[in-house]
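Proteins get letters first, then strands, A, B, ... in listed order; numbering begins at 1 in each. Quick note: numbers below take in every heavy atom, side chains included, and nothing from hydrogens, waters or symmetry partners. Just so it is clear, the structure is predicted and the values come from calculations on it, not from any experiment.
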2 protein chains.
Amino acid sequence: MNTPLYLQVADALRAEINDRTFPPGAGLPSEREFMDRFNASRNTVRNGLKKLAGEGLITSSQGRSYRVVERQVFTLNTSRFENLQFSNPEAGDSYDNEVLQAGREPRQEFRVQLVELPEEVAERLGVEPRSSAVLRYCLRYVDDTPWSTQATYYPKWLVDDHPRLAEPRDIEEGTTRYLASRGIDQIGTLNEAEVRMPSPVESRELDMGTGVPVLIWTRTAYASDHPVRCTISTFHGNLNRLTWEQGDLNALGQTEEPLR
Amino acid sequence: MNTPLYLQVADALRAEINDRTFPPGAGLPSEREFMDRFNASRNTVRNGLKKLAGEGLITSSQGRSYRVVERQVFTLNTSRFENLQFSNPEAGDSYDNEVLQAGREPRQEFRVQLVELPEEVAERLGVEPRSSAVLRYCLRYVDDTPWSTQATYYPKWLVDDHPRLAEPRDIEEGTTRYLASRGIDQIGTLNEAEVRMPSPVESRELDMGTGVPVLIWTRTAYASDHPVRCTISTFHGNLNRLTWEQGDLNALGQTEEPLR
DNA sequence: AAGTGGTCTAGACCACGTA
DNA sequence: ACGTGGTCTAGACCACTTC
């Protein structure tokens with residue numbers, strides 16, 4: 001059986017993107033030009049282009065021509081990230097530090113909310129589903145591009161004992177150090193990574209085109225034997241990568257640059 | 001401005017999927033029925049359905065009705081995974097062990113190839129781009145569903161010294177233990193996680209529908225101060241999750257089940 | 001003003017799955 | 001045989017961007 005016309009369009013164009021006939025960032029011919037080239041109707045051409053958009057290779061927007069997607073990946077070292085949050089003697093946000101170190105400009109929009117715990121979070125925190133909690137949420141930018149979100153949930157029992165967690169502004173020394181100063185030492189975290197397509201809300205918030213997945217990083221932090229917080233970061237999949245070390249790599253220098 | 005008709009279709013149906021009017025695995029009404037319900041042409045209805053498919057919420061195939069996607073997540077503990085590979089005294093593949101422990105049936109298709117190193121891999125192994133290497137590749141199934149692929153690259157200098165790496169069959173004690181027995185001790189790994197949409201090849205190999213991303217796990221293993229292998233696992237994004245621990249969680253029991 | 005992609009229609013025929 | 005989704009056409013009008 002012949003391959004459908006719209007797939008021929010997609011395959012041809014995909015090949016041209018891969019061999020850099022159309023390099024990342026480049027504009028593509030218009031739909032009308034593709035109609036001529038492939039002797040196809042406009043909808044058929046659009047169908048092929050939509051296929052490539054679904055693969056995350058091209059984007060489109062009204063009034064402008066299709067463009068080849070550029071991936072520009074920021075690498076976040078999760079081991080260092082958590083360490084900084086606690087052991088770095090100077091104050092300062094660990095996210096800001098990571099971004100500044102990469103020579104980029106960080107910005108954050110921050111808010112605090114009282115919420116009902118989502119089921120997955122309640123499970124990780126070992127409390128009743130739908131019980132209440134404090135959510136400390138921020139939307140993070142790099143060079144004015146929305147980059148990721150971070151949502152940290154603190155269970156009610158913890159907030160009752162340590163009320164500054166509910167304050168609707170930054171805690172200057174950091175929440176982890178604040179809790180440590182009050183006898184709650186976070187001894188380690190359980191980390192999870194998963195992927196999916198963004199919901200429309202996430203898609204709007206992170207300004208994601210079609211065909212761009214999100215990377216979800218979930219950290220459950222423990223104090224002695226019980227969880228004290230659950231942090232869920234949602235990353236624009238074209239812009240982020242997570243790293244961590246296992247075993248004893250201390251002997252090695254920092255061999256990789258943080259931003260590629 | 002009014003929201004376009006096809007988005008009204010998508011939004012209405014998305015809401016009905018979220019509130020479990022159509023639970024995971026359920027079949028949906030046909031396109032013709034949606035045409036009546038929304039007073040829309042077939043292409044408009046299809047446009048809305050394609051939107052939801054792009055979000056990974058529904059799938060379609062010729063001859064059958066649209067169905068709501070089921071996510072069934074297998075959790076792979078990367079810390080335990082690497083440890084087993086080395087320290088477990090009984091022989092046996094660490095992947096098989098993980099799957100069997102979850103009460104599922106593993107299967108693998110395996111092959112060995114001589115290849116030119118892809119640029120990203122050469123960089124991680126600290127060798128010249130396009131230099132040659134041995135690739136040990138496998139496609140992994142769980143209960144006969146293609147689940148993930150694993151590609152391990154060994155640089156030529158290492159293979160020359162330890163020729164069994166190039167044998168086109170399983171090394172029974174495991175490659176890591178084979179190398180250890182010859183004085184190459186892997187002291188730790190640098191782990192990376194990223195996400196993207198699958199290429200058509202990956203999509204076919206892992207039997208992925210539209211709107212399903214892949215999770216890429218890259219491990220670079222070091223012996224004393226230099227890398228000796230680079231392993232790239234590609235996971236069906238709807239079926240897999242990675243976990244790892246940071247800090248000292250040894251005191252805690254295994255609180256989470258490996259399969260959800 | 002001209003060109004681009006976005007939305008929408010009405011109809012046709014095909015390929016696949018199920019009964 | 002029938003119902004399903006898959007492919008394709010021809011044409012219309014709109015909204016946005018660029019000049």
query = D/dG5 P sits how many Å from B/Glu33 CD, rounded?
reply = 8 Å
query = Which nucleotide sits closest to the side chain of B/Arg64: C/dG6, D/dC8, C/dG17?
reply = C/dG17
Position toward the 5' end of DNA chain D (nearest nucleotide), B/Leu28 or A/Thr44 = B/Leu28
query = What is the ring orientation for B/Phe74 with B/Trp147, classed by angle as parallel under 30°, tilted 30 to 60°, or perpendicular over 60°?
reply = perpendicular
inquiry  = Can you tell me if A/Ser60 touches the phosphate of C/dG6, counting only side-chain N or O atoms and a distance under 4.0 Å to OP1 or OP2?
reply    = yes
inquiry  = Any side-chain N or O of B/Arg42 below 4.0 angstrom from OP1/OP2 of C/dA10?
reply    = no
ask   = Can the positive tip of B/Arg229 be found less than 6.0 Å from the middle of the six-membered ring of B/Tyr154, inside 45° of the ring normal?
value = no
key: Side-chain donor/acceptor of A/Arg32 to base of C/dG5, under 3.5 Å   = yes
message = Between P on C/dC8 and CG on A/Asn43, what's the gap in Å once rounded to a whole number?
response = 13 Å
request  = Report the distance from atom CD of B/Gln62 to atom P of D/dC2, rounded to the nearest whole Å.
outcome  = 19 Å
key: Flag side-chain contact, heavy atom, 4.5 Å: B/Glu98 against B/Arg80   = yes
note = Value for SG (B/Cys230) from CD (B/Glu192), rounded to nearest 0.5 Å, stands at 7.5 Å
request  = Would you mind reading off the distance between A/Arg46 atom CZ and D/dT7 atom P, rounded to a whole angstrom?
outcome  = 16 Å
key: B/Ser30 vs D/dG3: side-chain N/O to OP1/OP2 distance below 4.0 Å   = no
query = Rounded to whole angstrom units, what separation is found between the CG atom of B/Asp11 and the P atom of C/dT7?
reply = 12 Å
B/Tyr6 side chain near C/dT9 phosphate (N/O to OP1/OP2, under 4.0 Å) = no
ask   = Using a cut-off of less than 4.0 Å, is there contact between a side-chain N or O of A/Tyr66 and OP1 or OP2 of C/dG3?
value = no
request  = Please determine if A/Arg140 forms a cation-pi arrangement with A/Tyr95, meaning its NZ or CZ atom is less than 6.0 Å from the six-membered ring centre and no more than 45° off the ring axis.
outcome  = yes
key: Rounded interatomic separation in angstrom, taking NZ from B/Lys50 and P from C/dC8   = 15 Å
Rounded interatomic separation in angstrom, taking CG from B/Asn39 and P from C/dC8 = 13 Å
request  = Would you kindly give the CG-to-C1' distance between B/Leu5 and D/dC13, to the nearest whole Å?
outcome  = 15 Å
